[in-house]
A.B. asks: 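Submitted below is the structure of interest, expressed as structure tokens.
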Amino acid sequence: MASGARNGGAGGLGSRTSSKMDRQQGSLATPKAAAGKPRLSAAGGGGGGAYRRTSSGPLPSAGGGGRNSSDSGVSSRVRVAVRLRPRNAEEQAADADFADCVELQPELKRLKLRKNNWESDTFEFDEVLTEFSSQKRVYEVVAKPVVESVLEGYNGTIMAYGQTGTGKTFTLGRLGDEDTAARGIMVRAMEDILADIKPETDTISLSYLQLYMEMIQDLLDPVNDNIAIVEDPRTGDVSLPGATVVEVRDQKSFMDLLRIGEAHRVAANTKLNTESSRSHAILMVNVRRAVKGRNEMDVSMSAENGHSSSMMGSLRPPIVRKSKLVVVDLAGSERIDKSGSEGHTLEEAKSINLSLSSLGKCINALAESSAHVPVRDSKLTRLLKDSFGGTARTSLVVTIGPSPRHRGETTSTIMFGQRAMKVQNMVKLKEEFDYKSLCRRLDIELDKLIAENERQRKYFDDEVERITTEAQCRIAEAERECKIALENEKMKYHQEYLDSIKILEEKWKVHQQSPKKQVKEEPTSSGDVQDLLQNEKMLRQSAEDDSNDLRNQLSHWKKMEATATAEVVKLRRMLDTEASQKDKLEEEIAVLKSQLMQLSLDADETRMSLDTGDGPGKIFPGLDSLMSHTRSSQPREQSNGPKAPVAKLFEQVGLQKILSLLESEEPDVRVHAVKVVANLAAEEANQEKIVEAGGLTSLLMLLRSSEDETIRRVAAGAIANLAMNETNQDLIMAQGGVTLLSMTASDAEDPQTLRMVAGAIANLCGNDKLQTRLRGEGGIKALLGMVKCGHPDVLAQVARGIANFAKCESRAATQGNKVGRSLLVDDGALPWIVKNANNEAAPIRRHIELALCHLAQHEVNAKDIVGEGALWELVRISRDCSREDIRMLAYRTLTSSPTLQSEMRRLRIEC
């Protein structure tokens, strides 16, 4: 190809390689051997070895949480191939009378470097590629084994090294727009990766960077021209969180990204190369693949053992493999007298040679098993920390030219490859649990349960409303019919009565008109009158019977109305029961979410303990004084005999009955009830029962509504006991507990009440997740407001709370979280801390000294520390503190802070 063309030049690039490895060891895996095997790993050994296939071992039990990688690794030597570039037009004219300085023996994997016409040095490599080797051949022997390893969950690195103009960019970054056969390793590797993944479960993302003049620049976003390297203090892994990460779905989008990156890469015209790369290009491809079959196997095994519950199946997180492929196109080494670099191009050449020199030093140290490897000498060596001596499977191709004029550069390149072959890596499988996917799946299940519950509730409400409406309609219809029938019967009998009266009146008139005849027929008329009266009595009796029947019917309808009312009441009770079941379901949902959060926390703690060797544990701050005070509040013996102990009272009466007495109208009853709850809360075994029964809500209601100082003091003490549990701390914050405690502190004057309130807030200050909310609801200002009391016990609890808060802030800063100025400093706590740093009371002084040390550990607080005069107190603590751990913490803080060191030098203070 033509000299200097990065992606140009027709024809294949050849290469010749050799290495000083044992002949008994194999070469780089050939394409035929690489196909159809489940896994690829490197054989151990210092001198060399062929790639061999190994199966992955099973992951350990998922009970303790996920793992980032397998604990044991496989030793793998860096594989090195050498490629010879064919003569270009300039070399064919200038070196026509001279033979090539190298002679390739690809069948023996050897390379001979001629010293003169009689002598030559022989070198052996893993693969020797002639000037006629195709791009496909180069990819299959150099890069394909690494790509297959990446697809199986291992990290991999492919790198090109050599003199400028020898074809590094052609080998790696050739796009092949004009000739598909000329595609480089980057394009072919992504083709294999995209062909092997499943888009519905696997994801591919990449970043494209360049290291130019010791600055890491984003080739996909040129504005981002100075990306910082972040190193994990626990594992030592390096990352670039500021780099652009793009998810790739198809080959076309990948090619577009490569074109964008190539357009932004820095290049220059030199005597040796018309388009010489002036930066190291780094392509990072992150592969995330779901492991199929593992979860199904676990579920079937649990079913055979009798543990095939749906809950355990839903809580088992899927397993994913995360791997990374790094393709590094190094800038070519050059000699200034040959390249003719000057001005800015000269500065670029110096930077390139300096970084390549640092890489060579690291390779030498690793090859010689040196105790110190100078990784931090250059950003290039920091980025390649995992590629040489790390956990990645690394393949290196060194490119050389045939011209005898550049024999010195060719020798240097060959020796670099020889030293790299001695470097050993420990390849590790990267597998972990996908907790985010599990969270999403559980959220979907919870949404389904909530929606189903709402649908059932709505159906039940509609049914109750329908039955109620139907019953009311029937009752109204029965009342209307009964009223109509009663009116009709009344009108009928009234009309009959009027008709009977009318007949009697007519007969009486007739009797008056004929007295004689009446006298003669008196007995007969008397008999008629008696008959008429008898008939009237019978009619009246019949009317009364009908009236009684109507009354009975009315009573029957009223009974039916009462029955319907009872059914409505029963339905309302069923509605209340459903409401309580809904509340229980919501509580179960909350418990499920807390279990999921606890599972994630346990997984993180287990992973940390596996990495560091420390056992898991969490220390929650206690309030011994509060517990002893609440225990002393138990009812004393009375004249009629001693009362039952609290535990016996709890067993006999029951927790619900005791909590119901908190709402009693009798003040004495409420006082005794809250004392009993406080004593129960002092025992850790009872705390969960109290919270589940609504005891925490009742105690907070007492703080809000009660004006009795004793009730508020004991209730605050009980809340302080409950606040020693992290789950209860979240509930207290969610129910506005900090606001209520702050209001109680502002209203109270009794030192014991203030001590209880301060102790509760101090326990909440020890929770990392509640820092911002605690400060936002006035917790810190409430603590500082209670110092006006001046009581030693109150001051001790305030100091303990401030120390807990400062310790959480310091821990967040050391874990790499972005933390600004301390919230304690913003709320004005620093002057009080400085004032009481040398308090006579040992508990107060110990907590204040600890808080001051934690505040000073964060550099952003250093100016406030100096401005408030706390520097002198830190110096005093580092010299005179009675506790060695606090004294050493103060000393480390003073010596590690640049601001404090500068101020001490200005004041001529010696630590």
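Side chains included, hydrogens not; waters and symmetry mates left out as well; all remaining heavy atoms used.
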A.B. asks: Are side-chain N/O atoms of Ser378 and Glu214 paired as donor and acceptor at under 3.5 Å?
C.D. replies: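 Per modelled atom types, Ser378 and Glu214 side chains form a pair under 3.5 Å.
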
A.B. asks: Would the distance check show the side chain of Gln135 and the main-chain N or O of Phe170 forming a donor-acceptor pair, the cut-off being under 3.5 Å?
C.D. replies: yes

A.B. asks: Checking Ser205 side chain against Val245 main chain: does a donor-acceptor pair fall under 3.5 Å?
C.D. replies: no

A.B. asks: Please round to the nearest 0.5 Å and tell me the distance separating atom OG1 of Thr157 and atom CG of Asn155.
C.D. replies: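 The OG1 atom of Thr157 sits 7.5 Å away from the CG atom of Asn155.
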
A.B. asks: Tell me the closest heavy-atom pair linking Thr201 and Ala290, and the distance in Å.
C.D. replies: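 In this case the closest contact between Thr201 and Ala290 is CB-CB, 4.1 Å.
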
A.B. asks: My understanding is that only residues two or more places apart in sequence, or in another chain, count here; which of them pass salt bridge (Lys or Arg N to Asp or Glu O under 4.0 Å) with Glu247?
C.D. replies: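 By the salt bridge (Lys or Arg N to Asp or Glu O under 4.0 Å) rule, Glu247 matches Arg249.
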
A.B. asks: Quick one: list whatever passes salt bridge (Lys or Arg N to Asp or Glu O under 4.0 Å) with Asp177, sequence neighbours left out.
C.D. replies: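 Checked Asp177 against salt bridge (Lys or Arg N to Asp or Glu O under 4.0 Å); matches are Arg259.
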
A.B. asks: Could you check whether any side-chain heavy atom of Ile216 comes within less than 4.5 Å of a side-chain heavy atom of Asn226, counting everything from C-beta outward?
C.D. replies: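 In short, these two side chains do not touch, never coming nearer than 4.5 Å.
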
A.B. asks: With a 4.0 Å cut-off on N to O distance, would you call Asp237 and Lys324 a salt bridge?
C.D. replies: no

A.B. asks: Between Gln163 and Gly332 (side chain of the first, backbone of the second, donor and acceptor by atom type, cut-off under 3.5 Å), is there such a pair?
C.D. replies: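 Side chain of Gln163 to backbone of Gly332: no pair is present.
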
A.B. asks: Would you name the heavy atoms of Gly156 and Val146 that are closest together and state the gap between them?
C.D. replies: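 Taking Gly156 first and Val146 second, the nearest heavy atoms are CA-CG1, 3.6 Å.
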
A.B. asks: Can you tell if the side chain of Leu209 reaches within under 4.5 Å of the side chain of Leu219, non-hydrogen atoms only?
C.D. replies: no

A.B. asks: Could you report the tightest heavy-atom contact between Leu113 and Cys101, atom names first, then the distance?
C.D. replies: CD1-O, 3.5 Å

A.B. asks: Can you check whether Gly242's main-chain N or O pairs, donor with acceptor, with Asn224's side chain at less than 3.5 Å?
C.D. replies: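 Indeed, once roles are kept as given, a pair shorter than 3.5 Å links the two residues.
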
A.B. asks: Does any N or O in the side chain of Arg183 come within less than 3.5 Å of the main-chain N or O of Thr180, such that one atom is a donor and the other an acceptor?
C.D. replies: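 Yes; at least one donor-acceptor contact below 3.5 Å.
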
A.B. asks: Do Val142 and Leu396 come within less than 4.5 Å of each other through their side chains, counting heavy atoms only?
C.D. replies: no

A.B. asks: Regarding Asp202 and Arg289, does a basic nitrogen lie under 4.0 Å from an acidic carboxylate oxygen?
C.D. replies: yes

A.B. asks: Would you indicate whether the side-chain heavy atoms of Val398 and Ile414 approach each other to under 4.5 Å?
C.D. replies: no

A.B. asks: For Ser239, give me all partners under side-chain contact (heavy atoms from CB on, under 4.5 Å), at least two apart in sequence or on another chain.
C.D. replies: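 Result, side-chain contact (heavy atoms from CB on, under 4.5 Å) vs Ser239: Val230, Pro241.
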
A.B. asks: Just checking, any donor-acceptor pair under 3.5 angstrom between side chains of Ser253 and Asp250?
C.D. replies: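 There is such a pair (donor and acceptor under 3.5 Å, judged by atom type) between the side chains of Ser253 and Asp250.
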
A.B. asks: Going by an N to O cut-off under 4.0 Å, is there a salt bridge joining Glu152 and Arg321?
C.D. replies: no

A.B. asks: The test is side-chain contact (heavy atoms from CB on, under 4.5 Å); show your working for Asp126 and Lys109 and say whether it passes.
C.D. replies: CA-CA 7 Å; Asp126 294 304; Lys109 296 182 176 27; 6.0 Å; no

A.B. asks: To the closest 0.5 Å, what do you measure between CZ (Arg265) and OG (Ser277)?
C.D. replies: 3.5 Å

A.B. asks: Distance-only, no hydrogens or angles: does the Ser351 side chain make a donor-acceptor pair with backbone N or O of Glu347 under 3.5 Å?
C.D. replies: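 Absent.
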
A.B. asks: With ring-ring contact (aromatic ring centres under 6.0 Å, His included) as the rule and sequence neighbours excluded, what pairs involving residues 379-417 come up?
C.D. replies: Tyr161-Phe416

A.B. asks: Measure the OG1-CG distance between Thr394 and Leu384 for me, rounded to the nearest 0.5 Å.
C.D. replies: 8.5 Å

A.B. asks: Quick check for you: to the nearest 0.5 Å, what is the distance between Leu325 atom CG and Leu283 atom CG?
C.D. replies: 7.0 Å

A.B. asks: Has Ser357 got a side-chain atom pairing as donor or acceptor with Asn353's backbone, closer than 3.5 angstrom?
C.D. replies: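 Pair absent, no side-chain N/O of Ser357 close to backbone of Asn353.
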
A.B. asks: Side-chain donor-acceptor pair under 3.5 Å between Arg85 and Thr166, yes or no?
C.D. replies: no

A.B. asks: Please assess Ile193 against Val147 for the test side-chain contact (heavy atoms from CB on, under 4.5 Å), listing each intermediate value before the final yes or no.
C.D. replies: CA-CA 7 Å; Ile193 292 175; Val147 174; 3.8 Å; yes

A.B. asks: So do the side chains of Leu359 and Met159 get within less than 4.5 Å of each other, counting heavy atoms only?
C.D. replies: yes

A.B. asks: Looking at every heavy atom in both Thr381 and Asp377, which two are closest together, and how far apart are they?
C.D. replies: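 Looking at all heavy atoms of both residues, the shortest contact is OG1-N, 4.2 Å.
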
A.B. asks: I want to check something: taking the side chain as every heavy atom from C-beta on, are Val187 and Leu258 in contact at a cut-off of under 4.5 Å?
C.D. replies: yes

A.B. asks: Could you tell me which non-hydrogen atom of Ile282 sits nearest to which non-hydrogen atom of Val326, and how far apart they are?
C.D. replies: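 Shortest heavy-atom separation between Ile282 and Val326 comes out as CG2-CG1, 3.9 Å.
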
A.B. asks: Rounded to the nearest 0.5 Å, how far apart are OG1 of Thr203 and NZ of Lys322?
C.D. replies: 8.5 Å

A.B. asks: Say whether, by atom type as modelled, one donor and one acceptor occur between the side chain of Asn425 and the main chain of Val427 under 3.5 angstrom.
C.D. replies: no

A.B. asks: Should Lys252 and Asp256 count as an ion pair when the cut-off is N to O under 4.0 Å?
C.D. replies: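 Salt bridge: yes.
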
A.B. asks: Taking atom types as modelled, is there a side-chain donor on Asp225 or Tyr212 under 3.5 Å from an acceptor on the other?
C.D. replies: no

A.B. asks: Run the numbers on Glu103 and Ser120 for side-chain contact (heavy atoms from CB on, under 4.5 Å), then give the verdict.
C.D. replies: CA-CA 9 Å; Glu103 178 185 349; Ser120 62; over 6 Å; no

A.B. asks: Tell me yes or no: between the side chains of Asp218 and Thr244, is some donor less than 3.5 Å from an acceptor?
C.D. replies: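 The answer is yes; a qualifying pair exists.
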
A.B. asks: Measure from the side-chain N and O atoms of Ser134 to the backbone N and O of Arg137, and report whether any donor-acceptor pair falls under 3.5 Å.
C.D. replies: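 Yes: the side chain of Ser134 pairs with the backbone of Arg137.
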
A.B. asks: With Lys385, which residues qualify under salt bridge (Lys or Arg N to Asp or Glu O under 4.0 Å), at least two apart?
C.D. replies: Glu231

A.B. asks: side-chain contact (heavy atoms from CB on, under 4.5 Å), that's the test. Do Thr410 and Thr413 meet it? Break it down for me.
C.D. replies: CA-CA 5 Å; Thr410 302; Thr413 302; 5.8 Å; no

A.B. asks: Can you name the residues that form a salt bridge (Lys or Arg N to Asp or Glu O under 4.0 Å) with Asp121, not counting sequence neighbours?
C.D. replies: Lys115

A.B. asks: If you take all heavy atoms of Leu211 and Lys379, which pair is closest and at what distance?
C.D. replies: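 Scanning both residues completely, I find the closest heavy atoms to be CD1-CB, 4.0 Å.
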
A.B. asks: Within the side chain of His280, is there an N or O that forms a donor-acceptor pair under 3.5 Å with the backbone of Ala331?
C.D. replies: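 The answer is yes, because a donor-acceptor pair under 3.5 Å joins these two groups.
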
A.B. asks: Got a second to check how far Asn364's CG is from Glu368's CD, nearest 0.5 Å?
C.D. replies: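 It is 6.0 Å, given to the nearest 0.5 Å.
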
